[in-house]
Protein chains: 2
Amino acid sequence: MNARPTIYDVAQRAGVSKSLVSLVLRDAPHVAEAKREAVKKAIQELGYRPSRAASALASQSTRSVGLLIDDFRNPWFVELLAGVRSVLDPAGYTVTVADLRLEEASGRNPVDGFLAQHVDALVVAAEAPPEMVRDVRVPLVIAGTRSLTPLLGKSLDDGAADVVAGDDDAGGQLAARHLLALGHRRIAHLSGQGAPAEHRRRGYVRAMAEAGAEPLVYGVDGGTDEANGFRAMRQALDAGGRAAGGPPTAVFAANDVMALGAMAALRDAGLRVPEDVSVLGYDDSPLAAYGYIRLSTVDGHSRRLGAEAAQMALDRMAAPAAPPRRLLLEPAVVERSSVRETIA
Amino acid sequence: MNARPTIYDVAQRAGVSKSLVSLVLRDAPHVAEAKREAVKKAIQELGYRPSRAASALASQSTRSVGLLIDDFRNPWFVELLAGVRSVLDPAGYTVTVADLRLEEASGRNPVDGFLAQHVDALVVAAEAPPEMVRDVRVPLVIAGTRSLTPLLGKSLDDGAADVVAGDDDAGGQLAARHLLALGHRRIAHLSGQGAPAEHRRRGYVRAMAEAGAEPLVYGVDGGTDEANGFRAMRQALDAGGRAAGGPPTAVFAANDVMALGAMAALRDAGLRVPEDVSVLGYDDSPLAAYGYIRLSTVDGHSRRLGAEAAQMALDRMAAPAAPPRRLLLEPAVVERSSVRETIA
DNA sequence: CTGAAAGCGCTAACAG
DNA sequence: CTGTTAGCGCTTTCAG
């Protein structure tokens, strides 16, 4: 017998019917102990593994949810995923992860992939093109970005998606105010493309304006990656050198990897962090916590974000018609060693 | 019509038979252009997506392979995955990834999960317990670690697994010789648990012995993480302070994150890299390439590793009875800024 | 509590 | 080239 064993094989070997095997698999309540044991033994001996394909087909449910993230290279997703699993695992759901960047690179549509796989719900934690998530016929929750919200409101027929996101506007303000409170006035902001960066930038600009300080934004048209962090920092330095005020005494970067790029540029310029220039990141990614880096940063609570998103998915599966929910998480600054008071 | 559309719906709408729809889906050669268009149009209008579950069940194949990695937090896997996909995507295969650490944490067996999902092949790039991969009845390739090899030889009935790994022994030797050639003699090695670290350690010890230098190994009983890199570096420093020779002039860490921990310890001790102490990592992970870090490291060619592993999987699916293959990749050192000649 | 029977959506021979 | 016919392995009524 070389082929994969089926319930039939198990049933036969255990001397029971096929349905009984099905029952002990989903450990149903009223099954005679003896038979249950016999079935388990047969499963063991045969190396039987139930076929998900068959069960999905028969039950019209896979008890799985798809999680779409932006980019495996940005460790931000790790905590998000941990949060998602912390609520989905106990509920008996499986989660499968796909990386938008990678899927697009190979010309595929990850949402189609998930749907073909019969996921019972979808959590999108990436900036997916709206048409990609339009018309999915399973519960959809958008995690971590607010940009899709308005677009979705119109296009989803059967109720808009649930949304949980970090309040990036508030985070940007928080960051600027934090630096301002420490006495900094020449605070540069390193930004980039994409909705989260945009919100953070807006928050920063508002807080600077309120304090009567001049907003100094660089790198807006680049990526939110290390290279652009480096470039934008160099620009800030060059601009500061020519300007009356001198170089910035503090820098707020749109995320941690940009901050890391900025730190490299500062070191190359012979400037010390935080003695000469304070650097504040965003995301509280694992990067920021390394002892060699010790980056002060704004925590968007990605783990909690994941957990809330998962809970929303669960709730919606239970009550598809409930009104859509929106939740904004309040960011907080995490002090490490890259920020200090201005010495002026 | 709220339910998910099926081929029947598509066929009806396009005015053709179900089998014709099936044919255009797998774009078969001899189909009338008009009908093909009609079918495509119907698919579009209905938002039809083929059911993987049904097709898996009917065809006994999913055209998917499972990739088991160690830990999403270690960015090592990113390039590995890119390599895997670079050969599997064009071949029309889908790859699904699972993280061993996470699965074990929630008490699941990822291999069972993959098998239940009907993957057509399995690539294991993690130190999975041998019993976990015993008795999988699909093509199996072990990527990146040699430790499972001897165990598997015995336990797999239908031919052992294919294996492709970095030659960690050679890498350890290479690292030590590289530092030796730069004039270093007091070269500490920061190690940890697990097979790769063990091989790297062995290579290091051999090269040191051959050069008549004393092996200085620390951290063997800890993890291969940043914290242990930090701790082991501290121990090396303390030992060097008491010893006749003084502290090491160079450090070789079992991987990049340990090296990063070491760099933190060195800075805390007031030592500069590379002026006072050279630091060499292993893996050439994305971490090492950051401008702020610029870690010299040993490249295990993870992308190529992934590509080779995927090719082996493909080959074995095509020829299940072919003799098992083993491939060892030769590591190379990547020079960045954390290593220099000794000044002695 | 247990067994029989009917499909879930699709593929894979075939015969038209 | 097209339509028919069986299942794939499992869940789920529904009678015993």
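All chains are named by letter (A, B, ...) in the order of the sequence lines, taking the proteins before the strands, and each is independently numbered beginning at 1. Just the heavy atoms: all of them, side chains too, but no hydrogens, waters or symmetry mates, feed the values below.
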> What's the CG-P distance between D120(A) and dC8(C), to the nearest Å?
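My rounded result for the distance is 19 Å.
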> Applying salt bridge (Lys or Arg N to Asp or Glu O under 4.0 Å), name anything that partners D99(B), two or more places apart in sequence or on another chain.
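Applying salt bridge (Lys or Arg N to Asp or Glu O under 4.0 Å) to D99(B) gives none.
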> Quick one: list whatever passes side-chain hydrogen bond (donor to acceptor under 3.5 Å, both in side chains) with S302(A), sequence neighbours left out.
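If we apply the side-chain hydrogen bond (donor to acceptor under 3.5 Å, both in side chains) test to S302(A), skipping adjacent residues, there are no hits.
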> Summarise protein proximity over nucleotides 6-16 of chain D in one line of letters, 5' to 3': B for base, S for sugar-phosphate only, - for none, counting protein heavy atoms closer than 4.0 Å.
-BBBBBB----
> Apply ring pair (Phe, Tyr, Trp, His ring centres under 6.0 Å) to F77(B) and list each qualifying residue two or more places apart in sequence or on a separate chain.
F72(A), F72(B)
> Mind checking side-chain hydrogen bond (donor to acceptor under 3.5 Å, both in side chains) for R303(A) and listing every partner two or more places apart, or none if nothing turns up?
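Testing R303(A) for side-chain hydrogen bond (donor to acceptor under 3.5 Å, both in side chains), a comparison that skips the adjacent residues, returns none.
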> Y48(B): which residues meet the ring pair (Phe, Tyr, Trp, His ring centres under 6.0 Å) condition with it, sequence neighbours left out?
none
